[in-house]
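One structure is given here, and the rest of the page talks about it.
The first residue in the sequence is number 1, and the count goes up from there. Values reported hereafter were calculated over all heavy atoms of this structure, with side chains retained and with hydrogens, waters and symmetry mates removed. Both ligands and their constituent atoms are indexed starting at 1 by order of listing.
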Amino acid sequence: MNTLFRAIPAVDTSLSALRAAAPELVGSPDAPHALLRDLVVEFWESRREAIRVGRYRHEADLTLERQLPALLSHVRKGLRPRVRSVLNGTGVVVHTNMGRSVLAREACEAVSLAAGNYCNLELNMETGGRGSRQAIIDPLLCRITGGENAFVVNNNAAALLLILDTFCKDGEVIISRGELVEIGGSFRIPDIMEKSGTILREVGTTNRTHEQDYRNAITEQTRAILRVHTSNYRIVGFHAEVGLSALHSLAQEHGLPLFMDLGSGSLLDFSSSGLHGEPTVQECIAHGADMVCFSGDKVLGGPQAGIIVGRHDMVERLKANPLARALRCDKLCLAALEATLRLYIDPERARRLVPTPRMMSLSAADLARAARSLARQIKHAIKTVELECDITLRPGISRVGGGAFPQYDLPTTLVCLAPVKGSAMALKTAFLQTTPALLGRLEDNAFCMDPRTIPISRFRDVASVTVQALHILAGR
Ligand SMILES: *Cc1c(COP(=O)(O)O)cnc(C)c1O
């Protein structure tokens, strides 16, 4: 074993070999010497570990010459930025693992402008003195939702925390048992409530809650009634919940506020795309919710944010809570959100120009056409390099994701690849190593991609990464 350890080349020797093998990589200003050195040390440490567990038996396998390709690949990976773009072929429109929403072009431009320049974030442009960072967003949100006042924080979890901390601390909040949900990523409504120092009064049963249940639970300690949109699941069958208007009357009768965590918080009606039953923010305000909170980066299609709209006096109290400062969002978020919301002033414009609602609204015919075009481009690309793969079109389903419209299957056409050599599973793994990587799904021994979540402008990239993936699969 000692001879094997001694066979490992010195760090400086490795660095010289890397420089000779990949001058463009190792000589680049993006490859600081200290980082390169650490990567080389890390690589040889992994080989020492492999020797210890008996994976190497011959010195010849540990020469720099033999190990150089692996070393180069380790260094390449280590120098790559951690955040990279990927192609989403999963057909899940709001995919939390892939950063949820893709911003509209208008929003990207606004972010870029605010990012690379000083901006009037907190400037009063009449006096040159201090202004409010939200002053730009609030009137837009009120205009679009019908709320009297608005406030934006870091995300919807923060919005809920702020509401509970401001209005319900050390008191009780009434919530239906059927709404005590876990959203994913370990966000659980009861946990947030506990953190805010609020006591949860659960009423009703999992599948049925009646007005009388709420009424019976109201005591001196009650601070509010909370309704949580159950987002990622649906109770079907024997089910009852109290309508928003009835809850509003009950809350009024007892002088209690009615809050609503809408989750996705759609500003558009998607029933023309066959998506029903998700209340819009506007409807919730109109039916008497005192404050509504929702995410900026789910169905809305904007940046990560927690948006709160509702009664003027109540929102003012949120803004005055010291916690608001800790939960505030930055200039990039506000710039993106403003640009996105401006598109919503005309709902049809938002549906056309904001990628999330646009992808949700694509029709089965649009997608069949897109799938044919995508398949054609892939076939063409792989033919020119003489790689073999069966390409078929199949009917399939897409999902909205992000906990919105969970019960709906959106019809689509999948482009399915079955490699002639190697398995579909291996092809899926190969697509993780392409530049950019492409995420898809396995169905019936084929790797399938859904054109719903791939913009037409990226079809050429999909064709080119398919060639890369088939090369990787073939071990070339
Ligand atoms: C997604 C969701 C949240 C959390 O929103 P974030 O913006 O991810 O913090 C809270 N409540 C409901 C009902 C949700 O669907």
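For Ser264, no nitrogen or oxygen atom sits less than 3.5 Å from a nitrogen or oxygen atom of ligand 1, counting backbone and side chain alike. Looking at ligand 1, you'll find an N or O of Ala157 within less than 3.5 Å of one of its N or O atoms. An N or O contact shorter than 3.5 Å links Ser295 to ligand 1 by distance.
Other residues, nucleotides and ligands place more than 12 heavy atoms under 6.0 Å from the CG atom of Asn120.
Checked for salt-bridge contact, Arg133 and Glu122 meet the test: a charged N lies under 4.0 Å from a carboxylate O.
For Ala368, the side-chain contact (heavy atoms from CB on, under 4.5 Å) partners two or more places apart in sequence, or in a different chain, are Arg372, Thr413.
Phe270 carries Arg351 over the face of its six-membered ring, with the cationic atom under 6.0 Å from the centre and within 45° of the normal.
Put simply, no part of Gln304 is less than 4.0 Å from ligand 1, judged by heavy atoms.
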Candidate pair Thr412 and Leu414, rule side-chain contact (heavy atoms from CB on, under 4.5 Å), full reasoning: CA-CA 6 Å; Thr412 188; Leu414 302 173; 4.0 Å; yes
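Within ligand 1, the atoms closer than 4.0 Å to a non-hydrogen atom of His229 are 13 (C), numbered from 1 in the order shown.
Between Arg227, Met260, Lys298, Arg100, it is Lys298 that holds the heavy atom closest to atom 14 (C) of ligand 1.
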